[in-house]
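Here the structure is a predicted model, which is why all the values come from computation and not from measurement. Residue numbers begin at 1 in each chain, while the letters A, B, ... track the order of the sequences.
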Number of protein chains: 2
Amino acid sequence: MMVEHELEGRKREILKAIIREHILTAEPIGSRTLAKTYDFGVSSATIRNEMSDLEDMGLLKQPHTSAGRVPTDKGYRYYVDVLMEHESKHPKNLQRSLARFYEDKKGIQGIISGMTRMLSQLTEYTTLISEPEMQKSSIKKMEIVKVAARTLLVVLITDSGIVNNKILKINHDVGSRELEYINKFLSNKLQDKELNSLDQDFFTSLEEELIKRIDISRKLFEIISEELEKIITPADMRIFLGGTSYILEQPEFNDLENLKKVLNILDNEENLRELIKELPDEDLEVKIGQENKIEAMKKCSIVYATYHLGDNAVGKIGVIGPTRMQYPQVISTVDFAADILGQIISKVGR
Amino acid sequence: MMVEHELEGRKREILKAIIREHILTAEPIGSRTLAKTYDFGVSSATIRNEMSDLEDMGLLKQPHTSAGRVPTDKGYRYYVDVLMEHESKHPKNLQRSLARFYEDKKGIQGIISGMTRMLSQLTEYTTLISEPEMQKSSIKKMEIVKVAARTLLVVLITDSGIVNNKILKINHDVGSRELEYINKFLSNKLQDKELNSLDQDFFTSLEEELIKRIDISRKLFEIISEELEKIITPADMRIFLGGTSYILEQPEFNDLENLKKVLNILDNEENLRELIKELPDEDLEVKIGQENKIEAMKKCSIVYATYHLGDNAVGKIGVIGPTRMQYPQVISTVDFAADILGQIISKVGR
DNA sequence: GTTAGCACTCGAAGTTGAAGAGTGCTAATA
DNA sequence: TATTAGCACTCTTCAACTTCGAGTGCTAAC
């Protein structure tokens with residue numbers, strides 16, 4: 001199946017031209033049009049023959065007899081992997097827009113939300129950013145504060161500067177001494193621990209130790225550790241979505257049926273989480289059409305990158321569009337955005 | 001303009017029938033159809049005359065000659081205000097679904113997010129819920145915690161149980177004594193204060209007093225009070241949106257132009273905030289078509305209610321659909337949902 | 001290996017005509 | 001006087017038909 005890597009020069013150029021043209025027009029490309037706009041030095045008939053070969057290889061297809069050719073997913077894949085010329089320059093206006101972020105102090109979520117909007121405006125596609133996962137971070141500080149009778153607030157801060165908190169209802173009141181003790185004890189035990197090392201076993205052993213030392217209600221500790229676990233698991237990690245309406249600009253989604261399917265996914269944060277979980281932690285990846293596991297996404301491409309906060313927490317940033325996508329620009333923009341986003345958040349955190 | 005209130009019986013019944021029928025079919029309603037499906041005891045010709053009168057009053061209109069009639073915004077308004085029969089019963093399955101919420105302990109945002117999804121599923125329209133505004137709440141507890149060198153965490157808890165926190169970067173380090181003092185001082189001063197009474201003047205006077213008592217860096221206090229103000233202002237109050245894709249089910253949005261306009265509003269949280277600000281604090285209100293101030297919404301209706309947390313914080317909960325909307329069901333559902341939402345959140349908070 | 005030429009295919013777009021739904025008006029009716 | 005039957009007229013929708021152009025594949029010649 002790796003025949004394509006040996007594509008001779010002219011076939012390469014023709015495929016490249018077809019894909020470029022199709023990305024611009026969203027129309028099937030015919031041999032005559034191609035011969036006229038590009039100068040291959042051969043006639044349309046020859047191009048026709050080449051195109052027929054490319055079709056046999058599965059890189060092109062015809063929507064129907066007597067229409068021009070359209071790239072297949074495989075064609076796009078080959079384009080992205082081999083043919084495409086990468087844009088190395090990042091537009092000046094991007095850098096300028098970024099300045100704003102440094103001034104803002106709206107917290108991590110504000111930054112991500114702003115970045116979502118910006119990326120979607122730059123690419124003119126729908127954009128998706130996940131909050132940084134905390135799994136790989138370690139705990140910098142954790143504190144339980146009593147905020148009212150039978151109400152505690154657990155605050156957790158990681159070394160990447162992410163804050164998480166949770167209100168805790170308990171049945172019996174806790175004395176402030178007791179709480180102080182628990183705080184000290186937990187601080188000691190949890191300091192600098194990696195979050196993903198805190199499993200059920202860990203908590204059980206903690207509990208045993210704590211019970212030995214102090215006459216603390218077992219029930220109370222159970223609640224605390226249970227809640228701590230919940231905070232840590234990224235089950236309800238927020239996903240930021242922007243530029244949904246750009247989808248409507250794409251001619252391939254003029255078909256309401258398709259549109260519905262895709263919007264149904266985007267509509268629901270649960271589905272988005274699902275979608276993001278599917279994506280392996282690559283620095284930069286492109287999922288083209290059928291390569292997506294979720295049914296409704298099989299007519300879309302996703303260009304995504306993983307952004308890093310130091311060496312720890314990571315999140316995803318991605319762009320969703322039709323398989324006919326402006327890959328060079330989008331890839332370069334997403335790549336850059338991931339880089340910048342990591343930097344900005346890291347600065348806020350530290 | 002209040003002529004309509006004296007609409008004679010038959011005209012009322014005909015208008016009601018037309019609106020009902022149109023809500024179901026989304027088609028213009030003709031006199032013959034009406035005469036056949038409803039039994040008014042008169043012929044289609046008579047109905048035709050009545051319809052003509054109703055059109056003169058601005059309650060109906062014809063999309064074109066020789067089409068049936070369609071209700072105008074004014075017609076719907078009259079329907080909602082006068083003709084409509086309210087559904088008083090709340091469906092059993094709603095009550096059942098609610099049980100789930102009580103078990104969840106995902107915090108206020110989780111509850112709202114869940115409620116958003118539920119309401120959109122029940123009504124089959126797009127749903128919108130705003131976080132409770134804190135303006136009218138008072139402060140129950142506020143505490144500044146030092147989480148790292150030159151990093152403070154401000155935690156604020158209101159009497160309606162809303163927690164807000166913010167990370168604070170400062171230039172110089174603060175001693176823990178200093179902090180303790182500030183905490184005590186602020187606790188005293190802020191306890192039970194209403195949030196909307198905390199204006200610039202208040203902070204200035206606080207500052208003066210504090211400076212007298214302790215040798216605290218003026219700069220530090222400025223930062224703290226500034227940030228406190230930011231926490232309080234609802235500038236970036238979150239809006240939860242659900243069921244966007246239901247819009248696609250509505251035949252009136254088969255026109256891509258319309259659809260784009262509306263989705264553009266929904267796409268952007270900023271716009272949604274704008275939208276919600278437009279809505280006065282009524283217990284339950286319906287904005288029909290042209291009554292909406294935002295251009296893109298002039299083909300939509302919004303049914304919304306204000307939900308309460310005790311007597312204090314309030315938020316909005318609403319449903320967006322075409323002007324041809326299932327008003328009776330939606331109104332009753334939104335009303336009920338607002339009620340329930342207030343209750344649930346209050347319980348979590350207390 | 002390349003190309004010109006040609007028959008063939010298919011979709012897009014425009015045209016026409018018939019069917020159907022609905023109206024408004026008028027004159028007859030209860 | 002309010003109601004109704006009847007009829008001419010208007011307008012949309014839909015299907016059938018046509019035309020046009022873009023594109024292909026194949027063949028034979030270069």
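- Distance A/M51 CE to D/dG23 P: 9 Å, rounded to the nearest Å.
- Mapping A/E55 and B/T46 onto DNA chain D by nearest heavy atom places B/T46 closer to the 5' end of the strand.
- Partners of A/E274 under the side chain to side chain donor-acceptor pair (under 3.5 Å) rule, at least two apart in sequence or in another chain, do not exist in this structure.
- With sequence neighbours excluded, the residues that form a side-chain contact (heavy atoms from CB on, under 4.5 Å) with A/S43 are A/A45, A/T46.
- As a whole-Å value, the separation of A/I14 CD1 from D/dT24 C1' is 15 Å.
- Remark: C1' of D/dT4 and CZ of B/R10 are 12 Å apart, rounded to the nearest angstrom.
- For A/F240, the ring pair (Phe, Tyr, Trp, His ring centres under 6.0 Å) criterion is met by no residue, not counting sequence neighbours.
- When rounded to the nearest whole Å, the span between CG of A/D53 and C1' of D/dT24 equals 14 Å.
- Distances shown here put every side-chain N or O of A/S43 at or beyond 4.0 Å from the OP1 or OP2 atom of C/dT2.
- The side-chain contact (heavy atoms from CB on, under 4.5 Å) test applied to B/K261 returns B/A296, not counting sequence neighbours.
- Remark: B/E252 engages B/R324 in a side chain to side chain donor-acceptor pair (under 3.5 Å) (not counting sequence neighbours).
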Could you list the protein-to-nucleotides 5-7 of chain C atom pairs, N/O on both sides, closer than 3.5 Å?
{"residue": "C/dG5", "atom": "O6", "partner": "A/R48", "partner atom": "NH2", "Å": "3.2"}

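- The distance between atom NZ of A/K61 and atom C1' of D/dT24, rounded to the nearest whole Å, is 18 Å.
- DNA chain C lies under 4.0 Å from at least one heavy atom of each of the following residues of residues 15-40 of chain B: B/G30, B/S31, B/T33.
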For nucleotides 27-29 of chain D, list the nitrogen or oxygen atoms of the protein found under 3.5 Å from its nitrogen or oxygen atoms, one pair per line.
none

List the atom pairs, donor and acceptor, that lie under 3.5 Å between side-chain atoms in residues 54-62 of chain B and the rest of the protein, sequence neighbours left out.
{"residue": "B/E55", "atom": "OE1", "partner": "B/R69", "partner atom": "NE", "Å": "2.9"}
{"residue": "B/E55", "atom": "OE1", "partner": "B/R69", "partner atom": "NH2", "Å": "2.8"}
{"residue": "B/Q62", "atom": "NE2", "partner": "B/A67", "partner atom": "O", "Å": "3.1"}

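- Of the candidates B/I276, B/L279, B/I317, B/S130 forms a side-chain contact (heavy atoms from CB on, under 4.5 Å) with just one, namely B/I276.
- Residues satisfying the ring pair (Phe, Tyr, Trp, His ring centres under 6.0 Å) criterion with A/Y304, sequence neighbours excluded, are absent altogether.
- Closest heavy-atom contact between B/I23 and B/Y79: CD1-CE2, 4.3 Å.
- In this entry the distance linking CD1 of B/I47 with P of D/dA5 reads 12 Å, nearest Å.
- The distance from atom CZ of A/R69 to atom P of D/dT24 is 5 Å, rounded to the nearest whole Å.
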_Steps toward side chain to side chain contact (heavy atoms under 4.5 Å, CB included) verdict (A/K16, A/K11)_ = CA-CA 8 Å; A/K16 202 154 117 187; A/K11 278 201 177 54; over 6 Å; no
*Is there a side-chain hydrogen bond (donor to acceptor under 3.5 Å, both in side chains) between B/H86 and B/Y327 once you walk through the steps?*
CA-CA 9 Å; B/H86 286 268; B/Y327 291 103; over 6 Å; no
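- Rounded to an integer number of Å, the gap from CD of A/E50 to C1' of D/dT24 is 16 Å.
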*Take nucleotides 9-19 of chain C nucleotide by nucleotide from the 5' end and write B, S or -, depending on whether a protein heavy atom sits under 4.0 Å from the base, only from the sugar-phosphate, or from neither.*
BBS--------
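- For the 3.5 Å distance criterion, the side chains of A/Q121 and A/Y246 fail to qualify, holding no donor opposite an acceptor.
- Residues forming a side chain to side chain donor-acceptor pair (under 3.5 Å) with B/N264 (at least two apart in sequence, or on another chain): A/S245.
- The existence of a salt bridge linking A/E13 and A/R10 is excluded, since no basic side-chain nitrogen approaches an acidic carboxylate oxygen closer than 4.0 Å.
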